[in-house]
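Data first, discussion second: the structure below is written as structure tokens.
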Amino acid sequence: MKKKTEINQLPTSPALVGKDVYLRPAEPADYELTYRWFLASDPHSQTCHLIRMATPAQAAERAKQREINVNEGDFIIIRLEDDNPVGKIRYFNLNMLNRSAEVGIIMAPDARKQGYAKEGLSLLVGYLFAYLNLNKVYAQTSTFNKAAIKLLEALDFKLDGTLRQHHYFKGDLYDDLVYSLLKFEYSP
């Protein structure tokens with residue numbers, strides 16, 4: 001497939017288009033694929049919360065039945081070069097009183113370490129600051145997730161604190177780290 005060069009041809013807002021990727025709102029059909037990425041990444045390494053395991057088809061069906069929630073948004077990271085999905089990124093726990101939201105990301109196993117996560121997260125953060133007028137975007141990750149820590153620090157997220165022995169994984173308890181980026185600290 002040819003690279004799309006006209007922003008108006010893409011199924012998204014121009015604010016969500018970068019150099020190598022763009023973000024488009026997730027559709028229920030996307031969840032089967034993104035749930036496969038979740039499973040391939042060892043689900044219990046991805047969250048400190050209880051996981052209700054499902055098949056990819058069940059995950060897609062859950063997405064179809066989910067009610068729209070104005071406090072969250074799911075996006076698919078699409079590679080511009082070939083229009084293929086390479087990741088899923090989301091914001092949740094939106095708090096308009098505090099003007100903050102939490103973000104999370106999962107990448108396709110074969111699309112990692114290629115800069116797509118960094119560009120996708122930068123696009124989403126910029127969008128949240130500019131269009132939702134947020135003041136803070138934050139993320140939580142375990143101390144064993146070196147890739148997530150490196151990604152957050154590469155985008156100038158600051159370490160806010162440590163949740164001690166907060167993440168149970170493979171028989172051990174690990175600390176979770178909370179990072180945030182304030183609007184005045186963001187530079188695209």
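This one's a predicted model, so the numbers in the text were calculated from it and none came from an experiment. We're numbering straight along the sequence, starting at 1.
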Stepwise side chain to side chain contact (heavy atoms under 4.5 Å, CB included) test for L39 and M53: CA-CA 9 Å; L39 291 174; M53 294 301 292; 3.4 Å; yes
Which atom of Y186 lies closest to which atom of S122, heavy atoms considered: OH-O, 3.0 Å
Expected output: side-chain Q114 to main-chain D110 donor-acceptor under 3.5 Å: yes
Candidates L124, I106, I89 - the one meeting side chain to side chain contact (heavy atoms under 4.5 Å, CB included) with I77: I89
From CA spacing to verdict: side chain to side chain contact (heavy atoms under 4.5 Å, CB included), E185, F157: CA-CA 8 Å; E185 298 170 327; F157 277 69; over 6 Å; no
Evaluation steps, side chain to side chain contact (heavy atoms under 4.5 Å, CB included), between K183 and L134: CA-CA 7 Å; K183 187 174 188 173; L134 296 187; over 6 Å; no
Check: S41/R112 side-chain N/O donor and acceptor closer than 3.5 Å: yes
Candidate pair L151 and L155, rule side chain to side chain contact (heavy atoms under 4.5 Å, CB included), full reasoning: CA-CA 7 Å; L151 171 64; L155 290 171; 4.3 Å; yes
Modelled atom types, side-chain donor and acceptor of S180 and D160, under 3.5 Å: yes
Cluster link L182 to F129, ILVMFWY, side chain under 4.5 Å: no
salt_bridge(K118, D20) N-O dist < 4.0 Å: no
Least distance between heavy atoms, P28 atom then A60 atom: O-CB, 4.0 Å
Distance flag, aromatic centroids of F169 and F144, threshold under 6.0 Å: yes
Side-chain touch D74/T34, heavy atoms, less than 4.5 angstrom: no
Interatomic distance, L94 atom CG to R99 atom CZ [nearest 0.5 angstrom]: 11.5 Å
Greater than 12 external heavy atoms within 6.0 Å of Y131's OH: no
Euclidean distance, N98 CG relative to N93 CG, rounded to 0.5 Å: 11.5 Å
Pairwise distance CG(L163) to OG1(T141) - rounded to 0.5 angstrom: 11.5 Å
Taking every non-hydrogen atom, the tightest pair across D176 and H166: OD2-CD2, 3.7 Å
Pairwise distance CD(Q140) to CG(N145) - rounded to 0.5 angstrom: 11.5 Å
Separation of K88 NZ from M107 CE (nearest 0.5 Å): 13.0 Å
S13 side-chain N/O to A15 backbone N/O, donor-acceptor pair under 3.5 Å: yes
Short N-O contact, E119 and K19, less than 4.0 angstrom: no
Minimum heavy-atom distance between L80 and G18, given as atom pair plus value: CD1-O, 3.3 Å
Mutual orientation of the aromatic rings belonging to Y35 and F38 [parallel < 30°, tilted 30-60°, perpendicular > 60°]: tilted
hydrophobic_cluster_shared for V103 and L159, side chain cutoff 4.5 Å: yes
Donor-acceptor under 3.5 Å (Q58 side chain, T55 main chain): yes
Over-ring placement of R66 relative to Y31, 6.0 Å and 45° cut-offs: yes
Verify same cluster id: V21, I76 (apolar side-chain graph, 4.5 Å): no
N84 vs I78 side-chain heavy atoms within contact, under 4.5 Å: no
Atom NZ of K158: over 12 foreign heavy atoms under 6.0 Å: yes
Atom pair CD/OH of E102 and Y138 - distance to nearest 0.5 Å: 4.5 Å
Cluster link L16 to F92, ILVMFWY, side chain under 4.5 Å: no
Where A111 and Y116 come nearest, the two heavy atoms and their spacing: O-CD1, 3.6 Å
Presence of salt bridge, D30 and R24, under 4.0 angstrom: yes
Worked check of side-chain hydrogen bond (donor to acceptor under 3.5 Å, both in side chains) between Y179 and D156: CA-CA 9 Å; Y179 282 86; D156 294 326; over 6 Å; no
Parallel, tilted or perpendicular, as decided by the 30° and 60° cut-offs, for the rings of Y127 and F75: perpendicular
Joint hydrophobic cluster, L181 plus L132, side-chain heavy atoms closer than 4.5 Å: yes
For the student: nearest non-hydrogen atoms of L10 and Y22, plus distance: CD2-CE2, 3.7 Å
